[in-house]
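One structure below.
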Protein chains: 2
Amino acid sequence: MSPEKHHHGNLREALITAGIELLETGGLEALTLRKCAAKAGVSHAAPAHHFNGLISLKAAIIARCYRMFSASMDAKSRQAEASPRAQLLAICEGYLAFSRDHGALFQIMFQPKPKALANVNPQILDELNAESSKSYMILRTACAPFAPVGGHDQGTEVMVWALVHGYAVLFANQPDKETPAGTLPEFAHILPDLPLRN
Amino acid sequence: MSPEKHHHGNLREALITAGIELLETGGLEALTLRKCAAKAGVSHAAPAHHFNGLISLKAAIIARCYRMFSASMDAKSRQAEASPRAQLLAICEGYLAFSRDHGALFQIMFQPKPKALANVNPQILDELNAESSKSYMILRTACAPFAPVGGHDQGTEVMVWALVHGYAVLFANQPDKETPAGTLPEFAHILPDLPLRN
DNA sequence: GCTCAATACTTGACAGTGTCAAGATGTAAG
DNA sequence: CTTACATCTTGACACTGTCAAGTATTGAGC
């Protein structure tokens with residue numbers, strides 16, 4: 001149970017940290033099992049004893065990314081005033097700030113993970129689902145004060161999520177890319193006016 | 001200039017077609033230079049004479065994908081009535097239908113392509129930009145009848161694009177994934193009411 | 001018809017990648 | 001001390017993209 005167990009200490013966390021560093025500095029395709037192992041100072045096959053292949057390491061990395069993601073939204077939320085609209089905008093600004101400041105992390109989080117996810121350790125998968133649910137709950141809570149869009153229970157959160165995620169993917173996440181013609185409106189200008197409940 | 005030039009004929013187009021087939025059947029990571037070459041019946045190094053590396057083949061594939069993408073939106077547009085709202089919804093339905101029916105193509109189209117794009121043949125890059133601009137113009141035309149959202153010139157098209165793209169990425173493109181809690185509202189229900197110009 | 005240069009393709013190699021099998025090494029319990 | 005076990009290393013394999021060198025086909029000039 002002690003953190004200093006064997007040769008290395010806690011290799012598991014070191015590999016996740018190494019992976020995030022690789023992503024931040026080199027982008028999506030810089031993430032490699034062997035480079036993570038080298039960065040952690042172990043041999044190329046060492047990770048296999050902690051992660052069920054590359055896909056499992058990715059899942060563990062993504063789980064930690066979701067924690068940073070939630071923190072980014074929470075931080076903006078705390079800085080904003082308490083009105084529902086200000087809170088919702090703050091959540092979205094946290095969403096967009098993360099996609100801007102941690103582009104590669106944002107990409108791997110929402111990159112479609114194919115059937116390969118079936119091979120990952122159930123414990124890691126559970127943690128991943130828990131963290132992503134937590135992030136979603138932040139958005140959902142910020143949407144709760146507003147009347148349901150389109151008369152559908154999940155209408156507001158689906159609309160806001162799609163809007164902010166599309167904005168992030170198309171514009172915020174790609175620093176160079178501008179709107180095909182002209183300047184880009186700020187997100188606050190394209191978020192529709194949402195009437196409050198009741 | 002004749003289409004039957006050398007051993008193979010027009011290997012260039014055959015490689016693009018092979019790549020699209022690989023994507024459709026095996027997903028993003030099934031696309032491989034060597035598999036494309038094998039599918040076209042040539043040796044593994046043959047593509048190098050037509051494409052400046054894998055990234056150039058990808059760019060050429062994406063250009064063809066944009067053509068299919070535009071066709072999908074155009075088809076829905078022609079089936080719909082002429083009212084601005086019906087036309088805009090039809091364009092979006094074409095957008096979503098493509099993301100559903102050609103998930104891997106949709107993914108590679110909007111996958112963030114890193115600095116590597118600098119290495120692709122300028123001619124291929126021009127074609128890619130031309131095709132993606134054509135697709136964007138379809139959306140822009142459908143947005144034109146509506147008053148600018150947020151008082152910004154590009155407000156409407158940016159809002160609609162972000163909304164439909166986010167919806168596609170988060171829901172339509174991932175067949176299994178449902179909204180985290182409950183059922184998913186249809187896109188028509190989350191597209192806000194947009195007042196016409198003037 | 002022949003020569004010759006250019007184009008299209010093949011073969012072979014190299015450094016990477018993920019993954020597996022087998023062995024070595026340290027840890028901890030009996 | 002011994003034994004079982006978790007951890008890590010070494011080595012191999014197939015696969016990837018890319019490069020260098022060689023071969024074959026095409027087409028133009030004469």
Side-chain angles (χ1 to χ4, degrees), chain A residues 1-16 18-19 22-23 25-61 108 111 113-121 123-124, chain B residues 1-16 18-19 22-23 25-61 108 111 113-121 123-124:
Chain A
M1 281 305 158
S2 78
E4 263 73 19
K5 290 198 76 174
H6 202 204
H7 298 72
H8 178 278
N10 49 355
L11 179 55
R12 207 194 109 102
E13 295 301 310
L15 287 169
I16 296 175
L22 284 170
L23 284 169
T25 61
L28 259 190
E29 54 211 19
L31 176 59
T32 282
L33 256 182
R34 291 170 110 106
K35 284 195 223 154
C36 286
K39 223 166 174 31
V42 295
S43 78
H44 66 264
H49 293 263
H50 295 269
F51 299 101
N52 189 10
L54 175 62
I55 184 62
S56 282
L57 173 57
K58 277 186 181 171
I61 288 175
I108 201 178
Q111 183 176 269
K113 313 149 207 50
K115 53 281 163 191
L117 264 191
N119 295 19
V120 7
N121 182 337
Q123 180 182 350
I124 297 177
Chain B
M1 281 302 161
S2 77
E4 262 72 20
K5 289 198 77 172
H6 203 205
H7 298 73
H8 178 278
N10 48 356
L11 178 56
R12 208 195 109 103
E13 295 301 310
L15 288 169
I16 297 175
L22 284 170
L23 284 168
T25 62
L28 260 191
E29 54 211 18
L31 177 59
T32 283
L33 257 183
R34 290 170 110 104
K35 284 196 223 153
C36 285
K39 223 166 176 26
V42 294
S43 79
H44 66 264
H49 293 262
H50 295 270
F51 299 102
N52 189 10
L54 175 61
I55 184 64
S56 282
L57 173 56
K58 276 186 182 172
I61 288 175
I108 201 178
Q111 185 176 267
K113 313 153 208 46
K115 52 279 164 196
L117 263 192
N119 293 21
V120 9
N121 182 335
Q123 180 182 351
I124 296 178

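As a basis for the values below, the full set of heavy atoms in this structure was taken, side chains included, without hydrogen atoms, waters or symmetry mates. Letters A, B, ... are given to chains in the order of the sequence lines, protein chains preceding strands, and every chain is numbered from 1.
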Closest-nucleotide mapping onto DNA chain C: is Gly41(B) or Ala48(A) further toward the 5' terminus? I mean the 5' end. Gly41(B)
For the pair made of [atom1] in [X] and [atom2] in [N], what is the distance, rounded to whole Å?
X: Leu57(A); N: dT19(C); atom1: CG; atom2: P; result: 10 Å
X: Lys35(A); N: dT17(C); atom1: NZ; atom2: P; result: 6 Å
X: Lys58(B); N: dG17(D); atom1: NZ; atom2: C1'; result: 11 Å
X: Glu13(A); N: dT7(D); atom1: CD; atom2: P; result: 14 Å
X: Glu29(B); N: dA14(D); atom1: CD; atom2: C1'; result: 16 Å
X: Asn10(A); N: dC8(D); atom1: CG; atom2: C1'; result: 15 Å
X: Ile55(A); N: dT17(C); atom1: CD1; atom2: C1'; result: 15 Å
X: Asn119(A); N: dG18(C); atom1: CG; atom2: C1'; result: 13 Å

From the list Leu117(A), Asn119(A), Ile124(A), side-chain contact (heavy atoms from CB on, under 4.5 Å) with Ser56(A) holds only for Ile124(A)
Determine the minimum heavy-atom distance between [X] and [Y], stating which atoms define it.
X: Gly19(B); Y: Ile61(B); answer: CA-CD1, 3.8 Å
X: Ala60(B); Y: Phe51(B); answer: CB-CE2, 3.6 Å
X: Ala14(B); Y: Ala40(B); answer: CB-CB, 4.3 Å

Is a donor-acceptor contact shorter than 3.5 angstrom present between the side chain of His44(A) and the base of dG11(D)? yes
Let's test your reading of the model: under 3.5 Å, does the base of dG16(C) pair with the side chain of Arg34(A) as donor and acceptor? no
Nearest nucleotide by nearest heavy atom, which residue falls closer to the 5' end of DNA chain D, His49(B) or Asn52(B)? Asn52(B)
Of the nucleotides [options], which one has an atom closest to the side chain of [X]?
X: Leu33(B); options: dG17(D), dC8(D), dT10(C); result: dG17(D)
X: Ala45(B); options: dT11(C), dG17(D), dT9(D); result: dT11(C)
X: Ala46(B); options: dT10(C), dT17(C), dT18(D); result: dT10(C)

Under 4.0 Å, heavy atoms only, any strand: does Ser43(B) hit a base, just the sugar-phosphate, or nothing? base
Mind checking His50(B) for me? I need base, sugar-phosphate or nothing, with any heavy atom below 4.0 Å counting as a touch. sugar-phosphate
Value for NE2 (His44(A)) from CZ (Arg34(A)), rounded to nearest 0.5 Å, stands at 4.5 Å
